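Have a look at the structure below, then the notes.
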Amino acid sequence: MTTTTSQRRSAVLRAAPTGVAGRLFRTAVTAHTVAAFGQPVFAGVYLSGAIGGLDWHARGADIVFSLGLLQTAAAIAASVRMCRLWPVAVSLLVVAAETVQYMAGLSNALWLHLPLGVTIIASLAVLFVAAWARPLPNAAHV
């Protein structure tokens, strides 16, 4: 009986469990994504006439940025453990975009703030899927 490429790949993925660093990275990505998805909701509350929505949006921005930094720290641990660079690279790019997003919001540069916000949400959605789609390799088992 011959094994197909997908069967071998499946066996490799089962043999490479997600370690503690990978689970920490997944948790940070999940929290970051959930908080970021709340930001358009808070902006919508403000735009619907509730002045308190702007304060919620500002506090949400602080939380999202802080979670981005936490995600980057978890990505460093996961990257070192997995011998992979993509978690750190993507996390740093998202935090850089969030920094520009934050400054654009404070400057009322909505021409940049809105499209960059959409880009960040889409990037975090893709990162969430990438982090959860398959087991993250653990260097001790690779």
Side-chain angles (χ1 to χ4, degrees), residues 1-48 50 52-142:
M1 181 171 153
T2 61
T3 60
T4 65
T5 304
S6 63
Q7 289 172 334
R8 281 190 293 249
R9 182 178 170 149
S10 176
V12 168
L13 290 177
R14 280 193 306 271
T18 301
V20 174
R23 287 192 299 272
L24 179 63
F25 175 66
R26 283 180 172 172
T27 302
V29 167
T30 301
H32 190 197
T33 303
V34 168
F37 268 80
Q39 282 299 92
V41 174
F42 298 146
V45 168
Y46 171 66
L47 292 174
S48 68
L54 186 59
D55 187 50
W56 293 356
H57 188 65
R59 295 307 131 241
D62 293 339
I63 292 168
V64 168
F65 186 74
S66 298
L67 288 171
L69 295 176
L70 180 67
Q71 174 186 311
T72 302
I76 291 169
S79 289
V80 167
R81 187 70 181 144
M82 296 184 313
C83 300
R84 302 276 196 282
L85 187 58
W86 71 265
V88 172
V90 173
S91 295
L92 285 173
L93 286 172
V94 169
V95 167
E98 287 176 345
T99 302
V100 173
Q101 167 82 353
Y102 199 96
M103 295 301 134
L106 290 177
S107 302
N108 292 321
L110 296 181
W111 62 270
L112 178 61
H113 188 74
L114 294 174
L116 192 54
V118 171
T119 304
I120 291 168
I121 294 286
S123 300
L124 283 171
V126 170
L127 179 59
F128 177 83
V129 170
W132 284 97
R134 58 192 165 138
L136 299 173
N138 190 355
H141 295 98
V142 174

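Nothing here was measured: the structure is a model prediction, and the numbers come from that model. Note that these values count all heavy atoms, side chains included, but never hydrogens, waters or copies made by symmetry.
Residue pairs meeting the side-chain hydrogen bond (donor to acceptor under 3.5 Å, both in side chains) criterion with at least one member in residues 33-46, sequence neighbours excluded, are Gln39-His57.
Distance CD1/Ile120 to CG/Leu93: 11.0 Å, rounded to 0.5 Å. Atom CG of Leu54 sits about 9.0 Å away from atom CG of Leu47, to the nearest 0.5 Å. Taking OG from Ser66 and CD from Gln71, the interatomic distance works out to 12.5 Å, rounded to the nearest 0.5 Å. In this structure, CD in Glu98 is found 9.0 Å from CG in Leu67, a value given to the nearest 0.5 Å. Atom NE2 of His32 and atom CZ of Phe128 lie 13.5 Å apart (nearest 0.5 Å).
In this structure the side chain of Ser91 reaches within 4.5 angstrom of the side chain of Phe25, judged on heavy atoms. The shortest distance between side-chain heavy atoms of Val100 and His113 does not fall below 4.5 Å. Within the 4.5 Å cutoff, the side chain of Leu127 has heavy atoms near those of the Trp86 side chain.
Inspection of the Thr30 and Trp132 side chains reveals an N or O donor paired with an N or O acceptor under 3.5 Å.
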Evaluation steps, side-chain contact (heavy atoms from CB on, under 4.5 Å), between Ser79 and Leu85: CA-CA 6 Å; Ser79 289; Leu85 187 58; 5.6 Å; no
The test is side-chain contact (heavy atoms from CB on, under 4.5 Å); show your working for Val94 and Gln101 and say whether it passes. CA-CA 10 Å; Val94 169; Gln101 167 82 353; over 6 Å; no
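Shortest non-hydrogen contact noted between Ala36 and Ile121 is O-CD1, 3.0 Å. Minimum interatomic distance between Ile63 and Ala35 (heavy atoms only, all atoms of both residues): CG2-CB, 4.3 Å.
Checked against side chain to side chain contact (heavy atoms under 4.5 Å, CB included), Thr99 has the following partners two or more places apart in sequence or in another chain: Phe65, Val95. Every residue two or more places apart in sequence or in another chain that forms a salt bridge (charged side-chain N to carboxylate O under 4.0 Å, His left out) with Arg59 is listed here: Asp55, Asp62.
Using modelled atom types, no side-chain atom of Arg81 and backbone atom of Ala21 make a donor-acceptor pair closer than 3.5 Å. Between the Ser107 side chain and the Ala104 main chain, no donor and acceptor come within less than 3.5 Å of each other.
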